[in-house]
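Beneath this line is the structure, given in structure tokens, with notes to follow.
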Amino acid sequence: MSDASSDAPPVEASIADVPPAEAPEVDRRVHLADYRPFSHRVESVALTFRLSPGATRVLARLRLAPDPARPGGEDLRLDGEGLRLIALRLDGRDLAVTPDATGLTLPAADLPAAPFTLETEVEIAPEANTALEGLYMSNGMFCTQCEAEGFRKITFYPDRPDVMAPFRVRIEAPIEAPGAEAFPVLLSNGNPVGSGKGWAEWDDPWPKPAYLFALVAGDLVAHRAAFTTRSGHAVDLAVWVRPGDEDRCAYAMDSLIRAMRWDEEVYGREYDLDVFNIVAVDDFNMGAMENKGLNIFNSKFVLASPETATDEDYARIEAIVAHEYFHNWTGNRITCRDWFQLCLKEGLTVFRDQQFSGDMRSPAVKRIEDVALLRARQFREDQGPLAHPVRPESFVEINNFYTATVYEKGAELIGMLRRLVGDRGYDAALELYFTRHDGRAATIEDWLEVFEDATGRDLAQFKLWYSQAGTPRLKVTEDWKDGRYTLNFTQENPTTPGQPEKGAKQIPIAVGLIGPNGDEVLPTQVLEMTRARQSFSFEGLVAQPVASILRGFSAPVVLEREIDDATRAFLLAHDGDPFNRWEAGRALALELAVRIVGAGDVAGDAGAEVSSADWVRALAGLVRDGALDPAFRALALRLPAQDEVAGLLHARGLVPDPARIWAALRGMRLDLARGLAGDLPDLVAQGASGAAYAPDAEQAGRRALGNAALGLLTRLDGGAAAGAAFAAAGNMTDRIAALSALLDIGAGAGELAAFEARWRADRNVMDKWFALQIAFSAPDRTAGVTEALTRHPEFHWKTPNRFRAVIGALSAHHAGFHHESGAGYRLLADWLLKIDPLNPQTAARMSTAFETWPRYDAARQALVRAELGRILAAPGLSRDLREMAGRMLEG
Ligand code: B3K
Ligand code: ZN
């Protein structure tokens with residue numbers, strides 16, 4: 001292995017001009033079908049960083065070997081963007097090569113037939129990097145984000161996931177003024193192998209793709225712990241944060257330790273380095289990143305104390321810490337051959353983190369939450385112009401494909417596979433996957449093959465789930481005759497962009513049968529549907545059963561069932577499958593909402609024409625059942641999202657009116673509050689625990705139910721209880737719940753001011769303060785409230801978390817964003833255009849708020865199209881936002 005510390009800088013040869021930073025975007029389209037292995041093997045990488053905010057030097061020494069399978073030799077193409085090339089040497093000889101806008105090419109004729117060493121020196125400016133991709137600065141510290149293609153902004157390299165190599169890294173801190181050490185902590189991947197004042201060296205023995213490279217330099221403090229793997233290897237763990245934040249790291253550390261143990265116990269996976277570091281940074285484009293041995297996190301998903309974080313924040317921290325840790329095997333040790341295979345690591349790792357959270361908390365509650373999220377994000381994506389397969393076949397900008405489809409639907413596919421092959425088959429397949437592909441870059445074909453080899457099953461039809469977009473619609477009818485009960489299923493696979501024709505999917509349908517007295521007469525069994533139409537019969541029944549279909553949400557489909565409210569209420573009362581029990585309540589609420597919206601009277605009190613009494617009664621029975629998990633009861637009280645109602649109306653060929661949906665759901669909530677009026681004070685009281693705050697599932701569930709009840713009670717008591725709860729709140733969960741309840745009835749001005757005064761200096765808490773005001777604004781004021789908040793001195797729009805808190809809250813307010821004035825649309829487009837030149841990833845991601853436009857009326861459609869057109873016409877638009885706006889407009 002080469003040694004970065006002895007890396008003498010190449011002679012300054014000033015070979016090439018800087019490729020212009022404002023080089024015209026190359027509108028490349030990359031196709032899965034065009035995949036070709038890289039021309040060379042990278043045997044080792046040695047990097048030296050001479051850090052300086054305005055002019056960091058990066059020296060790279062690559063040991064390269066020609067691919068023996070290509071005896072004629074090939075040109076060597078290295079990716080590189082925005083790099084000022086200072087020097088380039090091959091086996092010690094200076095080379096004169098001029099990079100183009102996206103990299104440099106060394107012609108085959110100039111390359112040796114034997115292994116050789118290529119050295120480059122480049123200069124980059126981290127402090128000017130606002131895109132937060134590559135090496136950049138956040139609050140005075142250096143940090144990196146390389147996935148998917150950020151490493152090419154650090155040095156010239158084959159920046160593709162199938163090129164894996166061991167890395168050695170030397171970091172030299174900027175020269176300090178005497179006595180002022182601004183960058184005492186210097187971190188990279190792997191194990192620390194040496195350090196001194198102003199420098200450190202790291203060695204990562206595990207071959208990895210460049211997207212897993214990471215570097216951090218700054219004034220940080222560590223929250224430390226130790227972990228011993230089950231084979232006895234000692235690992236030093238550290239969570240690094242800015243001084244002052246160290247008392248908010250305990251939960252992230254605790255989550256990490258539990259995740260490490262769980263992966264050993266459940267998947268047999270051990271950690272493989274001497275250290276594991278997590279660093280919290282304030283400016284980050286997403287949640288976190290699984291860099292080998294050095295996970296970098298959005299500080300929002302690390303820092304937590306009862307005073308500053310809600311129960312939901314704690315649960316998210318636990319899930320994300322685990323997710324990034326689990327990537328060490330599913331993503332890092334085994335990575336993706338190319339970016340089309342992204343779901344190979346993301347779908348599987350989401351599936352694993354969902355299992356983990358279920359084990360740590362309640363599997364039933366976790367499943368309900370995951371399905372709610374899948375429907376809200378992924379079904380919505382599948383229904384609109386951005387629909388794409390779990391494994392897409394082409395892209396312009398890969399960052400645009402870190403989507404709910406790749407992640408959440410990708411995880412559902414793993415769950416279906418597991419249901420199809422059984423738990424033991426799954427375990428055997430995973431064991432084979434880890435042994436067969438360790439140290440490699442794999443494909444979906446490789447993944448399915450381990451299942452076929454381990455279980456003997458043919459998964460050719462299952463593979464369609466990876467290549468065909470869209471949510472299958474599963475229709476079911478039932479027959480009952482002579483003790484024989486039959487379920488007749490029909491599946492329809494809707495057209496999506498570029499995919500008019502689709503084959504029948506293999507669908508695991510978990511079904512249980514319930515007798516008239518509520519007892520289970522047939523325990524859950526998995527029916528396997530493989531044809532467009534298929535019937536399944538059950539014999540020997542004494543009475544017509546009620547079927548509980550798609551238990552545990554056994555497949556990501558829309559179930560369309562002719563069923564009356566009474567049968568749904570029966571399932572809500574008796575279904576032994578907790579998911580379907582919740583589902584029955586949700587379906588009742590959705591159908592009621594649809595009826596109220598269609599009924600004509602949605603102003604003021606709900607449904608003069610449609611009564612919600614049966615729904616309220618059914619829900620009341622469940623909520624009063626003290627034997628049920630409070631977290632589950634809290635979920636049952638949650639009404640469908642407005643966006644979900646709009647999606648359902650659209651699926652039924654109707655045009656949703658956002659204002660009516662808003663009014664209908666508000667009316668339903670008021671009905672629910674009135675129906676439960678007698679129970680609410682007690683439920684609120686039970687939510688408060690005498691015990692010291694703990695973020696565990698038990699306490700969190702109790703708070704969730706108490707606070708759901710508080711929200712309803714506030715609709716009846718004018719805010720008396722919520723005002724008192726706000727004043728008495730001893731933790732952020734209760735404080736936010738009380739404040740939300742007040743804002744929901746148009747009150748809470750004093751509390752908002754008090755909240756701001758108390759938390760003004762806390763960036764993560766203030767994000768909540770911004771978002772809440774928008775979330776609870778009246779629809780005709782949403783754009784105005786958002787606009788006013790963008791003029792608040794604490795609206796730091798270049799900080800992604802703050803930008804997302806404010807502009808994201810605007811897009812998430814269904815009736816406000818889609819207000820007929822078009823003000824919401826305009827405001828979002830204005831801000832997308834403003835952020836795009838600085839941070840294209842954030843702009844592109846937030847533009848998806850527009851994806852549902854085809855659902856709405858002609859006037860709204862015209863308004864959105866005009867905004868998308870305005871975006872597309874903007875000069876210098878990023879490749880990211882251009883691809884998104886273009887796809888949405890084509891839809
Ligand atoms: N793998 C990263 C996401 C990278 C996103 C690049 N635009 C985090 C994760 O999924 O764990
Ligand atoms: Zn991931």
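As the structure lists them, so they are numbered: ligands from 1, and atoms in each ligand from 1. Quick note: residue numbers are just sequence positions, from 1.
The residue among G150, G287, A288 with a heavy atom at the shortest distance from atom 8 (C) of ligand 1 is A288.
Counting only N and O atoms by type, the side chains of Q355 and Y267 include a donor and acceptor under 3.5 Å apart.
Residue E346 approaches ligand 1 through these ligand atoms, each under 4.0 Å from one of its heavy atoms: 1 (N), 9 (C), 10 (O). Counting atoms of ligand 1 from 1 in the listed order, those under 4.0 Å from a heavy atom of H327 are 9 (C), 10 (O), 11 (O). Near M289, meaning under 4.0 Å from any of its heavy atoms, are these atoms of ligand 1: 1 (N), 2 (C). Residue Q841 has at least one heavy-atom neighbour below 4.0 Å for each of these atoms of ligand 1: 7 (N).
Ion pairing between R316 and E312 holds under the 4.0 Å rule for side-chain N and carboxylate O. By the 4.0 Å N-to-carboxylate-O rule, R333 lies close enough to D438 to be salt-bridged with it. Using a 4.0 Å cut-off between charged nitrogen and carboxylate oxygen, E147 and K345 count as a salt-bridge pair.
For atom 7 (N) of ligand 1, the nearest protein heavy atom (residue, atom name, distance) is N399 OD1, 2.8 Å. Among all non-hydrogen protein atoms, the one lying nearest atom 11 (O) of ligand 1 is E324 OE1, 2.7 Å. Summary of contacts: the protein heavy atom closest to atom 4 (C) of ligand 1 is E147 OE1, 3.4 Å.
For Y271 and F227, the ring centers are positioned 6.0 Å apart or more. Taking the six-membered ring for Trp and the full ring otherwise, the centers of F803 and W797 sit at least 6.0 Å from each other.
For ligand 1, the polar-atom distance check against Y407 finds a nitrogen or oxygen pair separated by under 3.5 Å.
Not a single heavy atom of E133 sits less than 4.0 Å from an atom of ligand 1.
Within E346, the N, O or S atom lying nearest to the Zn ion (ligand 2) carries the name OE1.
Under the rule for a side chain to side chain donor-acceptor pair (under 3.5 Å), the partners of K768 that lie at least two apart in sequence or sit in another chain are D313. Taking R436 as the reference, D453 meet the side chain to side chain donor-acceptor pair (under 3.5 Å) condition, with sequence neighbours excluded.
An angle of 100° is found at the Zn ion (ligand 2) between H327 atom NE2 and H323 atom NE2, rounded to 10°.
Under 4.0 Å from ligand 1, the heavy atoms of K345 that appear belong solely to its side chain.
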